[in-house]
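Remember, it's a predicted structure, so these values are computed and weren't measured experimentally. Computed from heavy atoms alone, side chains included, the values below leave out hydrogens, waters and symmetry copies.
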Amino acid sequence: MYKVVITDYEYSSLAPEKEVLRKIGVELTAVQCQTEEEVIEACKDADALLNQYAPITRKVIEKLENCKVIARFGVGVNTIDIGAATEKGIIVSNVTDYCIDEVSDHAFALLISAARKVVLLNKEVKKGVWNFNVGVPIFRLKGRVLGLVGFGQIPQALAKKAQAFGLQVKAFDPFVPIDVAEKLNVQLLSLSELCKVSDFISVHAPLNEHTCGMIGDAQFDLMKKEAFIINTARGAVINEKALIKALQEEKVAGAAIDVVEQEPINLDNPLLKMENVIINPHVAWYSEEAQEELKRKTAQNVVDVLSGYFPRYIVNNSVKDLLDLKVMCK
């Protein structure tokens, strides 16, 4: 019987994972690890890990005696040392397609809420202020420019939704071919050019060593004073000190963010006191359907590997050269 450990989770039920893992006979252990030492203690003899936020560092990976796959609940894999896992022949998997509609919908909801000042006006009405001038100025969406930082599946879905409202869409992504963008009527620009021309900047880049803090002082200095920045990716892609400074100095009009550098957010964070900032608690990914899909697909990645196959979703493709697994039939 395989030993599979869920390192940490925020879900009220693990029924979908148990149902999928039951196919191959698994001893499933669910814990709530927060530190490297806790992960090592719980997982050192596990055949597979399912991971949400607990740190799967090089130190942890070096102590894993039997692990064959680390399956992440989500798209981003910044909790896992990919290089260390690859060196040890451990597959790292994620789920890249479970919340495309949810995150693109949420990003647009934040954009239009910021643009129309919905949250501010609602708050003022509830305080007894019935005056549209509270929201002045508000500009028409049609004809304005949405700049996308990253142009994978989620921002591509967002582009179509934004275009339906008359927004022009431009993107920065050095890894996306021009013809992919052209098919969606999206112009590819450098990051600096994108910052200069955009009225809304929506961040969709994964968090890694190259993207950490990629939106900082230099980028905010290029932005329009009327611009809003939206982030449904990872908090640390935006340098938070630079964001706070840009808002305090009125270099940009506002921000609408679902993620911050430290989660949960510190209650003394200046962003919480700003009327032109909307903050949500890392919820863009969520719908009942998306959560169910995520949990099943994450568990299926484990089942695939323990059954002798490469999983459908694999992050560290170079590990394939080290393993004698079968390719799943499509």
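- Separating the OH atom in Tyr98 from the NZ atom in Lys297 is a distance of 11.0 Å, to the nearest 0.5 Å.
- The existence of a salt bridge linking Asp45 and Lys3 is confirmed by a sub-4.0 Å separation between a basic side-chain nitrogen and an acidic carboxylate oxygen.
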- Query: Between Gln163 and Asn185, does a side chain to side chain contact (heavy atoms under 4.5 Å, CB included) hold up when you go through it step by step?
  - Reply: CA-CA 9 Å; Gln163 287 164 343; Asn185 196 28; 4.0 Å; yes
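- No donor-acceptor pair closer than 3.5 Å links the side chain of Arg144 to the backbone N or O of Gln168.
- No side-chain donor-acceptor contact under 3.5 Å links Asp199 to the backbone of Ala227.
- With values rounded to the nearest 0.5 angstrom, Arg312 atom CZ is found 7.5 Å from Thr96 atom OG1.
- Around OH of Tyr309, the count of heavy atoms belonging to other residues, nucleotides or ligands within 6.0 Å does not exceed 12.
- A heavy-atom distance below 4.5 Å is found between the side chains of Phe200 and Leu141.
- Side chains of Glu240 and Asn269: a donor-acceptor N/O pair is present below 3.5 angstrom, by distance only.
- Cys33 and Ala54 get closest at one heavy-atom pair: O-CB, 3.5 Å.
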- Query: How far apart are the C-alpha atoms of Arg72 and Ile56, what are their side-chain angles, what is the distance that settles it, and do they pass the side chain to side chain contact (heavy atoms under 4.5 Å, CB included) test?
  - Reply: CA-CA 10 Å; Arg72 173 110 213 297; Ile56 312 298; over 6 Å; no
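- You'll find the side chain of Met223 reaches within 4.5 Å of the side chain of Ile229, heavy atoms only.
- Ion pairing of Lys59 with Glu37 is present here, as a side-chain N (NZ or NE/NH1/NH2) and a carboxylate O approach within less than 4.0 Å.
- Checked by atom type and distance alone, the side chain of Lys68 pairs as donor or acceptor with a backbone atom of Asn66 at under 3.5 Å.
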- Task: Report the C-alpha distance between Ser307 and Ile24 in whole Å, list the side-chain angles of each, state the deciding distance to 0.1 Å, and finish with yes or no for side chain to side chain contact (heavy atoms under 4.5 Å, CB included).
- Result: CA-CA 8 Å; Ser307 300; Ile24 58 170; 3.5 Å; yes
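- Test Thr57, Asn94, Ile90, Val92 against Ile80 for side chain to side chain contact (heavy atoms under 4.5 Å, CB included) and you get one pass: Val92.
- Smallest separation of non-hydrogen atoms from Phe73 and Thr298: CD2-OG1, 3.6 Å.
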- Could you check Lys127 against Glu124 for salt bridge (charged side-chain N to carboxylate O under 4.0 Å, His left out), going step by step and ending with a plain yes or no? CA-CA 5 Å; Lys127 291 193 313 191; Glu124 290 301 306; 2.9 Å; yes
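- A salt bridge links Asp101 with Lys161: the distance from a Lys NZ or Arg NE/NH1/NH2 to an Asp or Glu carboxylate oxygen falls below 4.0 Å.
- At a threshold of 4.5 Å between non-hydrogen side-chain atoms, the residues Asp8 and Gln34 do not count as touching.
- The number of heavy-atom neighbours closer than 6.0 Å to CD of Gln248, taken from other residues, nucleotides and ligands shown, is above 12.
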- Go through the steps for Lys251 and Glu249 under the test salt bridge (charged side-chain N to carboxylate O under 4.0 Å, His left out), then give the verdict. CA-CA 6 Å; Lys251 290 182 178 178; Glu249 297 179 359; 3.4 Å; yes
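- At distances below 3.5 Å, not a single donor-acceptor pair connects side-chain atoms of Asn280 with backbone N or O atoms of Val283.
- What you find for Val39 and Pro55 is that their closest heavy atoms are CG2-O, 3.9 Å.
- Asp173 contributes atom CG, which lies 7.5 Å from atom CG of Leu188 (distance to the nearest 0.5 angstrom).
- Judged by distance alone, the side chains of Thr7 and Asn51 do bring a donor and an acceptor atom under 3.5 Å apart.
- Hydrophobic cluster membership is shared by Ile201 and Phe172, with clusters built from Ile, Leu, Val, Met, Phe, Trp and Tyr side chains linked at under 4.5 angstrom.
- Counting only heavy atoms from C-beta outward, the side chains of Leu120 and Asn276 never approach each other to under 4.5 Å.
- Of all heavy-atom pairs spanning Ala162 and Val169, the tightest one is CB-CG2, 4.2 Å.
- A single hydrophobic cluster is seen to contain both Tyr313 and Leu325, as judged by linkage of ILVMFWY side chains at heavy-atom distances under 4.5 Å, directly or through other members.
- When all heavy atoms are compared, the tightest approach of Ile100 to Ala157 is CG2-CB, 3.8 Å.
- When every heavy atom of Ala30 is checked against every heavy atom of Tyr9, the shortest pair comes out as CB-CE2, 3.7 Å.
- Between Glu275 and Lys123 a salt bridge is recorded (basic side-chain N to carboxylate O distance below 4.0 Å).
- Side-chain contact of Lys183 with Gln156: a donor-acceptor pair under 3.5 Å is absent, judged by distance alone.
- The shortest distance between side-chain heavy atoms of Asn266 and Val260 does not fall below 4.5 Å.
- Met214 places none of its side-chain heavy atoms less than 4.5 Å from the side chain of Gln219.
- Side-chain contact between His204 and Leu158: present, with at least one pair of heavy atoms (C-beta onward) separated by less than 4.5 Å.
- For the atom pair CG of Asp304 and CD1 of Ile314, the computed distance is 10.5 Å after rounding to the nearest 0.5 Å.
- Note that CG of Leu121 is 12.5 Å distant from NZ of Lys126, once rounded to the nearest 0.5 Å.
- Within the 3.5 Å criterion, the main-chain N or O of Asp258 finds no donor-acceptor partner in the side chain of Thr232.
- Counting non-hydrogen atoms of neighbouring residues, nucleotides and ligands closer than 6.0 angstrom, the CD atom of Glu41 reaches no more than 12 such neighbours.
- In the hydrophobic clustering of ILVMFWY residues, with side-chain heavy atoms under 4.5 Å counting as a link, Tyr53 and Ile70 come out apart.
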- side chain to side chain contact (heavy atoms under 4.5 Å, CB included) assessment of Phe165 paired with Leu111: CA-CA 12 Å; Phe165 279 71; Leu111 183 158; over 6 Å; no
- Message: Does Glu87 form a salt bridge (charged side-chain N to carboxylate O under 4.0 Å, His left out) with Arg58? I'd like the steps, not just the answer.
- Response: CA-CA 10 Å; Glu87 289 170 21; Arg58 178 174 289 275; 3.0 Å; yes
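- Within the 4.5 Å cutoff, no side-chain heavy atoms of Gln32 are placed close to those of Glu10.
- Remark: side-chain polar atoms of Asn122 are not paired, donor with acceptor, to backbone N or O of Val125 under 3.5 angstrom.
- By the side chain to side chain donor-acceptor pair (under 3.5 Å) test, Asn316 is found to be paired with Thr86, residues two or more places apart in sequence or in another chain being considered.
- In the model, Tyr11 has no side-chain atom that pairs as donor or acceptor with a side-chain atom of Lys295 under 3.5 Å.
- With Gln291 contributing its side chain and Glu288 its backbone, the two residues share no donor-acceptor pair below 3.5 Å.
- The cationic atom of Lys245 (NZ for Lys, CZ for Arg) does not lie both less than 6.0 Å from the six-membered ring centre of Phe220 and within 45° of the ring axis.
- No chain of hydrophobic side-chain contacts below 4.5 Å, direct or via other Ile, Leu, Val, Met, Phe, Trp or Tyr residues, connects Val259 to Ile230.
- A continuous path of Ile, Leu, Val, Met, Phe, Trp and Tyr side chains, each step under 4.5 Å between heavy atoms, connects Val305 with Val302, placing both in one hydrophobic cluster.
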